[in-house]
Amino acid sequence: MDTYARYPLELVRGRGVWVWDREGRRYLDAVAGIAVCTLGHSDPVLRRSLCRQLRRLQHVSNLYRIPEQEALAAAIVARSCADRVFFCNSGAEANEAAIKLARKHGHLVRGIQDPLILTAKASFHGRTLAAVTATGQPKYHEGFEPMVQGFRYFPYNDTAAFEALLAECEAEGPRVAAVLVEPLQGEGGVNPGDPAFFQRLRELCDERRILLIFDEVQIGVGRSGRWWGYERLGVEPDAFTAAKGLGGGIPIGALAVKAHADHFRPGEHASTFGGNPFACRAGLTVIEEIEQRGLLEHVRRMEALLAEALTDLAIRHPQLVESARGWGLLQGLVLREQAPTAAEVVKAAMAEGLLLVPAGPKVVRLVPPLVIRPRHIRKAVKRLEKALMALA
Ligand SMILES: *Cc1c(COP(=O)(O)O)cnc(C)c1O
């Protein structure tokens with residue numbers, strides 16, 4: 001169906017940070033399947049590990065114990081604040097699980113009949129009905145009304161507005177089950193969370209036993225230079241979701257919870273494909289390789305290089321570029337109002353052999369594989385500058 005406005009580009013092969021189209025043209029990939037291909041394309045270790053898993057066992061069912069799933073859950077628990085994990089197949093599906101968990105928490109812990117979930121404006125949580133309702137962008141709701149009941153929206157990083165909304169919602173007693181929020185808004189414009197705002201969120205949620213749930217689907221699994229985006233805020237959530245980068249290109253999603261938020265009982269939530277041996281092998285290998293190759297530290301070094309190069313670009317072209325922002329290898333170049341749109345820059349960059357993705361109308365997003373090297377970063381920013389010049 002016509003669900004995508006696709007670029008006229010057909011990619012047929014990839015290796016590391018590079019992809020090739022049918023005509024043999026080579027592109028530096030600063031999209032990585034939108035923050036998915038953590039280890040780059042066709043990584044030899046991931047490839048071998050997945051081939052081995054395919055020869056052994058691909059899919060059974062959650063009717064049975066799945067050792068690869070238990071190992072991946074243990075790996076996530078060992079590297080996060082969570083104690084238990086549920087597996088599914090995508091980011092939206094992980095958020096759906098989180099939304100069901102939130103409602104159960106509201107009923108069970110706060111005694112709420114009709115629970116509300118608070119989410120941020122300009123957020124992105126996925127396209128299934130509840131996840132898109134949680135997404136605080138009206139353009140994604142239009143044409144699909146009625147939306148799911150029980151969501152209210154606050155402006156991101158605005159403590160006073162959040163407190164006012166919470167007070168309004170709880171004027172007649174407990175109503176709010178959870179707050180669902182990204183530590184850094186990815187698709188909404190690469191907006192990093194403000195630690196002071198998040199610390200206040202944590203206090204307010206603790207006071208009322210409201211679940212604080214982080215959507216780590218884009219910023220999680222090492223992309224921030226830490227395992228999880230929340231580590232950059234100094235605030236732990238009660239639960240968080242992950243997906244994109246977790247499988248390195250194999251579909252997988254996860255909801256991870258602390259013990260006190262472990263509310264699902266057998267039969268209450270499920271997925272046919274979720275947590276299958278193949279996808280979990282991918283997740284395990286990605287986590288092992290991030291560690292083996294020291295990629296968290298590497299991302300922090302690349303963050304400094306990329307941020308500096310983008311800031312230089314902003315200084316050299318003040319009439320086009322407003323600023324650069326982001327964490328780790330999720331960076332955004334903010335374009336001025338009078339400058340070309342992000343979509344135009346992305347198109348011009350493609351002609352220069354660089355793949356980029358917009359994050360809203362005026363932000364160009366760079367989310368390359370975590371294995372990107374300094375020479376690739378220099379090349380990417382050079383090509384981005386050429387694209388800007390071609391438009392100006
Ligand atoms: C991409 C994304 C989602 C949705 O993930 P899908 O796998 O496309 O369903 C949810 N939340 C965030 C923060 C995302 O970036």
Side-chain angles (χ1 to χ4, degrees), residues 3-4 6 30-38 86-102 117-137 139-141 144 148 151 153 156-157 178-193 198 212-224 227-230 232-233 237 239-256 271 273-275 279 282-283 286 326-332 356-360 363 365-368 370:
T3 50
Y4 302 97
R6 298 180 196 269
V31 177
I34 315 190
V36 166
C37 306
T38 308
F86 171 82
F87 291 102
C88 51
N89 312 285
S90 69
E93 218 184 319
N95 287 331
E96 291 284 333
I99 289 163
K100 282 178 71 176
L101 183 86
I117 296 170
L118 310 186
T119 68
K121 293 179 181 173
S123 59
F124 188 80
H125 299 296
R127 302 301 199 109
T128 57
L129 199 51
V132 83
T133 305
T135 295
Q137 300 191 55
K139 70 172 178 187
Y140 292 127
H141 297 177
F144 302 106
V148 174
F151 288 87
Y153 310 95
Y156 195 61
N157 282 342
V179 178
L180 170 63
V181 61
E182 296 158 271
L184 172 150
Q185 291 187 325
E187 110 98 41
V190 191
N191 306 310
F198 274 79
L212 182 55
I213 306 173
F214 288 170
D215 180 339
E216 293 265 3
V217 167
Q218 192 161 157
I219 193 65
V221 197
R223 186 154 289 279
S224 70
W227 280 111
W228 310 105
Y230 69 75
R232 301 214 32 167
L233 295 167
F240 65 88
T241 55
K244 287 192 166 84
L246 182 56
I250 303 304
I252 186 168
L255 167 65
S271 165
F273 294 120
V286 166
W327 291 344
L329 288 173
L330 204 180
Q331 298 274 336
L356 300 167
V357 57
V363 180
R365 182 171 27 160
L366 294 96
V367 274
L370 305 192

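All ligand and atom numbering here is 1-based and tracks the order in the structure.
- Within the listing of ligand 1, atoms 7 (O), 9 (O) sit less than 4.0 angstrom from a heavy atom of Ser90.
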Intermediate values then yes/no, side chain to side chain contact (heavy atoms under 4.5 Å, CB included), Ile219 and Glu182: CA-CA 8 Å; Ile219 193 65; Glu182 296 158 271; over 6 Å; no
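- At least one protein heavy atom sits closer than 4.0 Å to atom 6 (P) of ligand 1.
- Protein heavy atom closest to atom 12 (C) of ligand 1, with residue, atom name and distance, is Phe124 O, 3.4 Å.
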Could you check Thr119 against Thr135 for side chain to side chain contact (heavy atoms under 4.5 Å, CB included), going step by step and ending with a plain yes or no? CA-CA 7 Å; Thr119 68; Thr135 295; over 6 Å; no
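- Of the candidates Glu187, Gln185, Gln218, Phe124 forms a side chain to side chain contact (heavy atoms under 4.5 Å, CB included) with just one, namely Glu187.
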For the pair Phe144 and Thr133, evaluate side chain to side chain contact (heavy atoms under 4.5 Å, CB included) and give the outcome as yes or no after the intermediate values. CA-CA 10 Å; Phe144 302 106; Thr133 305; over 6 Å; no
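- Among Glu93, Glu187, Glu182, Lys244, the residue whose heavy atom sits closest to atom 15 (O) of ligand 1 is Lys244.
- Using bins of under 30°, 30° to 60° and over 60° for the plane-to-plane angle, the ring pair Tyr230/Phe214 lands in the tilted bin.
- Contact atoms of ligand 1 toward Asp215: 10 (C), 11 (N), 12 (C), 13 (C) (distance under 4.0 Å to a heavy atom of the residue).
- Here the closest non-hydrogen pair linking Arg365 and Pro358 is NH2-O, 2.9 Å.
- Atom OH of Tyr153 has more than 12 neighbouring heavy atoms from other residues, nucleotides or ligands inside a 6.0 Å radius.
- The shortest contact between atom 9 (O) of ligand 1 and any protein heavy atom is with Ala92 N, 2.7 Å.
- Shown in contact with His125 at under 4.0 Å from a heavy atom are these atoms of ligand 1, numbered in order with element: 10 (C), 11 (N).
- Contacts between Asn95 and ligand 1, counted as non-hydrogen atom pairs separated by less than 4.0 Å, involve the side chain only.
- Of the heavy atoms in Ala243, none comes closer than 4.0 Å to ligand 1.
- Listed by number with element, the atoms of ligand 1 under 4.0 Å from a non-hydrogen atom of Gly126 are 4 (C), 10 (C).
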